[in-house]
4 protein chains.
Amino acid sequence: MRSENESDGQKRRSFIEEARRAQIVASAVEVIAEIGFAQASLARIAQHAGISKGVISYHFAGKDELMVEVVERTYGLIAETVGARMQGLSSATELLRAYLLGVAEHMRGHRTQLAALGEIFIHLRGADGRPRYGIKANEEIYRALEGIYALGQESGEFWHFDRRVMAVTQASAVDNMFAYWVAYPEHDLDAHARELADIFERACRS
Amino acid sequence: MRSENESDGQKRRSFIEEARRAQIVASAVEVIAEIGFAQASLARIAQHAGISKGVISYHFAGKDELMVEVVERTYGLIAETVGARMQGLSSATELLRAYLLGVAEHMRGHRTQLAALGEIFIHLRGADGRPRYGIKANEEIYRALEGIYALGQESGEFWHFDRRVMAVTQASAVDNMFAYWVAYPEHDLDAHARELADIFERACRS
Amino acid sequence: MRSENESDGQKRRSFIEEARRAQIVASAVEVIAEIGFAQASLARIAQHAGISKGVISYHFAGKDELMVEVVERTYGLIAETVGARMQGLSSATELLRAYLLGVAEHMRGHRTQLAALGEIFIHLRGADGRPRYGIKANEEIYRALEGIYALGQESGEFWHFDRRVMAVTQASAVDNMFAYWVAYPEHDLDAHARELADIFERACRS
Amino acid sequence: MRSENESDGQKRRSFIEEARRAQIVASAVEVIAEIGFAQASLARIAQHAGISKGVISYHFAGKDELMVEVVERTYGLIAETVGARMQGLSSATELLRAYLLGVAEHMRGHRTQLAALGEIFIHLRGADGRPRYGIKANEEIYRALEGIYALGQESGEFWHFDRRVMAVTQASAVDNMFAYWVAYPEHDLDAHARELADIFERACRS
DNA sequence: GATGAATGAGGCTTCATTCAT
DNA sequence: AATGAATGAAGCCTCATTCAT
């Protein structure tokens, strides 16, 4: 099993292995986005990639590792892109708007990945049977948003709402914006994001 | 199979059959809430109810029909209760607040059902493989909220936001409030609902 | 899964289930004796019994449970038969002879079961990967033999040898007598047992 | 494949190949002793040796050939060592004692190899599905012991017991002494061997 | 000589469903 | 009305072996 080599933190993956992993991840994304997590068996993912079922087992320790890698690759890209857009902004209002518009703009070009990500977040469970990415996995996002709110409340931009409730609300608004867009592809995602920015600006400002 | 009789819309179910269906539905709710939709096999539901696996097959055409019935029974109860609380109110602001507080109060006593409902909404798929209760199943709620928003916008209470976006946002805020509470049982649901009412009042008012 | 009912200690098995379990156990014994534990897949056991593979899964929680049941049924019968033959004897020498001759006589009519039992003892491993019936499973036999030796040493029949070493030696002598007989069916088992009784009488007597 | 050259009986192996084979054999011994024959896949043996899986396939015709080589190397060493210790002795009693003490002393320093050897003896099967080293593989030992017994019976040291039964018994006593020691590492192997020598002296002497 | 990659068979398990009683 | 029994498909995983580089 190739994947055991990772333990020392060094990337020991050959070029070809990296390519295969990427290919398999891409295939998984497409299959999951199309038929849903529960129906996305390794057999189907392999078939869609035009490879043997065993290849996946060779490159990944198991289905879980594959799914986690899908999440990491996809999610990492998002965080990177959006984070860059928020660089240099200082007012809480600007930060929130940049976040909303940025994440929407990035996702506009990655609908399949978005759909797959959502499926995995919802369905993937750990060996203990509990969701691997449940609500609790949002903690990082909640903290980040709460930080921005605290900034705004200190500067007087925002009123003294409960930051946790606001964070949960705003995060869910973003999640559902995407879910709505995945369900209704003709929906104008950018306009939705702008409207959301307006709504939360009003909801937060003092 | 008994269930074939339902097609004509008449209730032909005997008392005993009705009782069995209710018992099975209740068992399904508990099992799903505890171990999740994916792990809730008919065998486990039957075992938890203390009955034979075959009984479920006898009373329900299949697993799907059982799940649909779980949703209908549980969801119907909510709509009924919350609808009653909104009766007689006229201002849009009041209606929204009544809705938020009402649904939270009702759910506070039905956490198991809430958790099961969420699981089924997310997981259940039709014979075509597409989600049976996806975002599109929210259409009814969206319409209802949009109606209230239109009221408020006409009366001048609300500014002229995009009603669909606001509906999607508010519905998601409610859904996630519950999801958060299911994950963190010690979370103060009523306080969250009140805060949410404040937030959306600010977000909507002109 | 039927087998979950056992927990309360009551036998809730229907007649037909009991028959099936017996049939499956018998099939497992025959297959294991013939082709060995490692090759005895559930598929082959089912095929040899003329039933579907799923039937085994229905009646047994898993392969492990089946194997354990094979051991219990077979081993229990031996202990019962041999125990009865030793009843009423008092001198240590007599007890040892009765044990050796008794177990041999019983086994003479159960060679297939003996072979299967040996295979399972050697091969079966628990979930932790360690042998389920290793040497340590002989502890009970060792204790029983040591009891007899202690009797003989107190009465003066036996010299003061190390009881544990003698027990390990005698138990292994019996095990290998059977293994030899399984390998060489024409070998005279009863004569071997009588010779063994003579050998250990000389080895023990003071 | 290199190994095809062996057929003519000549050693055509290069130094490096010989080293590799020894390394692989050593790795196999360690892995088998630790996790058991059934779990000792080629992948694990290769990983433990720090080499690629393919190397094993390159140097050995298959898993079977590797296992056979493990046995031959390990077993050969034992026979050599113990044989040397018995050189020059003449009385049957002395020979048996030297054998028992010698093999125990040698094994005391080779527990890993002993454990691996036991695992292979028990598990390895030929292409026909029958055990490659079953009881029948003990024939050589039986013959050797029988030779000593014949010596003792002729010289009058021993009574006229059945030599085959005694050989099977004594061989099994030695095997199980080791198995017991592998299971209970703190067990005093040498003391066990001395006790065994006493026991069999009493069992054999006229 | 050595390696990484790929394969395909075979194993165990789970499960919704069907059926005879 | 209910049950226990049986089925067969599908899923994931392991592994010895083969092959191109």
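Protein chains get the first letters and strands the later ones, always in sequence-line order, with residue 1 at the start of each.
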Open item on the list: With a 4.0 Å cut-off on N to O distance, would you call C/Glu65 and C/Arg21 a salt bridge?
Closed with: yes
Open item on the list: Please give me the minimum heavy-atom distance between C/Ala33 and C/Ala115, naming the atom from each residue.
Closed with: CB-CB, 4.0 Å
Task: Pairing pattern in dot-bracket form [Watson-Crick, G-U; both distances under 3.5 Å; | = partner strand] for DNA chain F - done: .||||||||||||||||||||
Task: Length of the CD-C1' vector between B/Gln47 and E/dT14, whole Å - done: 14 Å
Task: For atom CD of B/Glu65 and atom C1' of E/dT17, their distance in whole Å - done: 14 Å
Open item on the list: Can you measure D/Phe37 atom CZ to F/dT14 atom C1' for me and round it to whole angstrom units?
Closed with: 15 Å
TODO: Grab the CD-P distance between C/Glu17 and E/dT21 for me, whole Å please.
DONE: 18 Å
Task: D/Asp64/D/Arg125 ion pair, N-O < 4.0 Å - done: no
Task: Distance in angstrom units between D/Leu124 CG and F/dA16 C1', rounded - done: 14 Å
Task: Given DNA chain F, 5'-ward residue of the pair D/Ala38 and A/Ala40, judged by closest heavy atom - done: A/Ala40
TODO: May I ask you to say whether D/Arg130 pairs ionically with C/Glu34, meaning some side-chain N is under 4.0 Å from a carboxylate O?
DONE: no
TODO: Check for a donor-acceptor pair, side chain of D/Thr74 on one end and backbone N or O of D/Val70 on the other, with a separation under 3.5 Å.
DONE: yes
Open item on the list: Please give the distance between the P atoms of E/dG1 and F/dT21 as a whole number of Å.
Closed with: 22 Å
Task: Length of the line joining B/Ile56:CD1 and F/dT3:C1', which is rounded to integer Å - done: 13 Å
TODO: Take the angle between the ring planes of B/Phe37 and B/His123 and call it parallel below 30°, perpendicular above 60°, tilted in between.
DONE: parallel
Protein-nucleotides 7-11 of chain F N/O pairs under 3.5 Å:
residue, atom, partner, partner atom, Å
F/dT7, OP2, C/Ser52, N, 3.3
F/dG11, OP1, A/Ser41, OG, 3.3

Task: Distance below 4.0 Å between B/His59 side-chain N/O and F/dA2 OP1 or OP2 - done: yes
TODO: Starting from the C-alpha separation in whole Å, work towards a yes-or-no answer on side-chain contact (heavy atoms from CB on, under 4.5 Å) for B/Arg20 and B/Ile51.
DONE: CA-CA 10 Å; B/Arg20 267 280 192 247; B/Ile51 59 177; 3.8 Å; yes
- [ ] Would you mind reading off the distance between A/Asp64 atom CG and F/dC13 atom P, rounded to a whole angstrom?
- [x] 7 Å
Task: Residue list, side chain to side chain contact (heavy atoms under 4.5 Å, CB included) with B/Ala26, at least two apart or on another chain - done: none
TODO: In whole angstrom, give the distance that lies between atom CZ of C/Arg21 and atom C1' of F/dA6.
DONE: 16 Å
- [ ] Kindly say whether A/Val25 contributes a backbone atom to a donor-acceptor pair with the side chain of A/Arg73 at under 3.5 angstrom?
- [x] no
